[in-house]
Amino acid sequence: TDIPGFDELLGGGFPRGGNTLVTGVPGTGKTIFALQFIYNGATTFNEKGLVVTFEENAASLKKQAQQFGWNFDLLEKQGKVKILDIPVSDIKESTVREIIKIVERDNYSRLVIDSLSALAINTPNTFGSVTDVTEIFIKRFIYHFINELRTSGATSLLISQAAEGQLSSDGVSEFVSDGIIYIKHESLGGDFSRHLIIRKMRKVKNDEDIHPMEISKNGIVIHNLK
């Protein structure tokens with residue numbers, strides 16, 4: 001990722017081609033983490049990145065990135081990144097397949113979905129003659145979305161809002177995803193109010209400690225308690 005202090009927690013970085021849930025309450029820095037992942041991929045490793053957002057428009061995300069000096073307009077002109085905003089009214093069962101086609105067609109190595117929570121709330125009602133979309137249909141939709149997304153071959157970050165007593169608002173993505181990054185926003189009596197923990201990461205041995213997380217003028221920095 002080239003996010004300062006993070007890669008050593010995974011022995012080098014995310015497993016290529018896997019998908020990781022980035023979760024926490026609003027305001028913890030999940031979207032900033034994901035944008036930094038995409039920006040560093042394009043500028044440091046020459047890996048093309050795609051951001052698919054269902055919550056914010058492209059202009060809003062670019063403005064958020066610009067405060068850290070990340071010029072996404074320039075990267076888009078260079079063909080290195082793309083921000084695709086899809087209105088929630090356009091979400092349908094085939095949306096994931098359409099995203100995969102874009103990833104494969106334009107050879108994107110890094111992918112961000114922002115967010116699974118918006119997908120869950122706007123789950124398309126295509127399940128037979130049922131009138132109301134129930135919890136089981138939402139879980140089924142998210143489960144298939146993540147599983148199909150894995151076939152794209154891109155290394156993906158899936159943003160979600162944490163819910164009371166669970167790691168996601170949909171209740172299933174934490175089980176389907178290859179990894180979980182949980183960001184908390186609370187004071188532990190030190191200099192930092194945000195803390196990051198890697199709850200799981202398949203294929204690699206991950207650090208399991210809680211680490212202070214700083215949102216600096218240059219982006220996210222992960223610190224070591226030691």
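- Around atom CD of E148, more than 12 heavy atoms belonging to other residues, nucleotides or ligands sit under 6.0 Å away.
- Of the possible polar contacts, one joining the S117 side chain to the Q161 backbone as a donor-acceptor pair under 3.5 Å is found.
- The 12-atom threshold is exceeded at CZ of R97, counting heavy atoms of other residues, nucleotides or ligands nearer than 6.0 Å.
- Closest heavy-atom contact between I3 and F37: CD1-N, 4.5 Å.
- Contact of the L50 side chain with the D106 side chain is not registered, since no non-hydrogen atoms from C-beta on lie closer than 4.5 Å.
- Under the 4.5 Å side-chain criterion, counting only non-hydrogen atoms from C-beta, V96 is not in contact with H144.
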Would you check, one step at a time, whether the test side chain to side chain contact (heavy atoms under 4.5 Å, CB included) holds for E56 with D85?
-> CA-CA 7 Å; E56 299 186 64; D85 46 14; over 6 Å; no
Criterion side chain to side chain contact (heavy atoms under 4.5 Å, CB included) on M213 and V221, from CA distance to verdict = CA-CA 6 Å; M213 188 183 97; V221 177; over 6 Å; no
May I have the step-by-step check of side chain to side chain contact (heavy atoms under 4.5 Å, CB included) for E135 and K139, ending in yes or no?
-> CA-CA 6 Å; E135 183 179 356; K139 289 185 176 181; 3.4 Å; yes
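- Nearest approach of I38 to G49, heavy atoms of both residues: CD1-CA, 3.9 Å.
- Taking the centre of each ring, F68 and Y39 stay at or above the 6.0 Å mark.
- Partners of K203 under the side chain to side chain contact (heavy atoms under 4.5 Å, CB included) rule, at least two apart in sequence or in another chain, are P15.
- K62 NZ to D73 CG: the interatomic distance, rounded to the nearest 0.5 Å, is 4.0 Å.
- The two residues L149 and I99 make their nearest non-hydrogen contact at CD1-CG2, 4.2 Å.
- Cluster membership check: I220 does not share its hydrophobic cluster with Y182, using side-chain heavy-atom separations under 4.5 Å among Ile, Leu, Val, Met, Phe, Trp and Tyr.
- In terms of the side-chain hydrogen bond (donor to acceptor under 3.5 Å, both in side chains) criterion, residue partners of H223 (sequence neighbours excluded) are, by chain and number, E214.
- Here R199 does not pair with E174 in a salt bridge; the nearest charged N to carboxylate O distance is not below 4.0 Å.
- Taking OG1 of T151 as the start and CD of E104 as the end, the distance is 6.5 Å to the nearest 0.5 Å.
- A donor-acceptor pair shorter than 3.5 Å cannot be found between the side chains of S160 and S173.
- Under the 4.5 Å side-chain heavy-atom criterion for Ile, Leu, Val, Met, Phe, Trp and Tyr, V176 and V52 are members of the same hydrophobic cluster.
- Cluster annotation: V112 and F72 are assigned to the same hydrophobic cluster (Ile/Leu/Val/Met/Phe/Trp/Tyr, side-chain heavy-atom contacts under 4.5 Å, transitive).
- Paired with T28 under the rule side-chain contact (heavy atoms from CB on, under 4.5 Å), one option of T23, V22, I183 passes, and it is I183.
- R194 places a side-chain N or O within 3.5 Å of a backbone atom of G27 that can act as its donor or acceptor partner.
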Stepwise side chain to side chain contact (heavy atoms under 4.5 Å, CB included) check, Q64 with I32 = CA-CA 8 Å; Q64 189 173 356; I32 296 172; 3.5 Å; yes
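- Around atom NZ of K101, no more than 12 heavy atoms belonging to other residues, nucleotides or ligands sit under 6.0 Å away.
- I121 and L119 fall into different hydrophobic clusters, where Ile, Leu, Val, Met, Phe, Trp and Tyr side chains are chained together by heavy-atom contacts under 4.5 Å.
- With rounding to the nearest 0.5 angstrom, the CD atom of E8 is 8.5 Å from the CG atom of N224.
- At a threshold of 4.5 Å between non-hydrogen side-chain atoms, the residues T95 and F54 count as touching.
- Proximity of I181 to F14: side-chain heavy atoms (C-beta onward) are separated by under 4.5 Å at one or more points.
- Remark: K80 NZ to N46 CG distance equals 5.5 Å, nearest 0.5 Å.
- Rounded to the nearest 0.5 angstrom, L111 CG and S156 OG are separated by 4.0 Å.
- When side chains are defined from C-beta on, T53 does not count as touching T31, because their heavy atoms never get closer than 4.5 Å.
- In this structure, K200 and S177 approach most closely via the heavy-atom pair NZ-O, 2.9 Å.
- Atom CD1 of I136 has 12 or fewer neighbouring heavy atoms from other residues, nucleotides or ligands inside a 6.0 Å radius.
- With a 4.5 Å cut-off on side-chain heavy atoms, L21 and L116 count as touching.
- Y108 and I113 fall within a single hydrophobic cluster, where Ile, Leu, Val, Met, Phe, Trp and Tyr side chains are chained together by heavy-atom contacts under 4.5 Å.
- Put simply, the side chain of F6 reaches to within 4.5 Å of the side chain of I198, judged on heavy atoms.
- The closest donor-acceptor contact from the side chain of D178 to the backbone of R202 lies at 3.5 Å or more, if one exists at all.
- The two residues R110 and F45 have their closest heavy-atom pair at NH2-CD1, 3.4 Å.
- Separating the CZ atom in R16 from the OG atom in S109 is a distance of 6.5 Å, to the nearest 0.5 Å.
- A donor-acceptor pair under 3.5 Å links the side-chain atoms of T123 to the main chain of A120, judged by distance alone.
- In this structure the side chain of S60 never reaches within 4.5 angstrom of the side chain of E55, judged on heavy atoms.
- Electrostatic pairing of K30 and D114 does not count as a salt bridge here, judged by no charged N lying under 4.0 Å from a carboxylate O.
- Nearest heavy-atom pair, E93 versus F141, reported as atom, atom and distance to 0.1 Å: CA-CE1, 4.1 Å.
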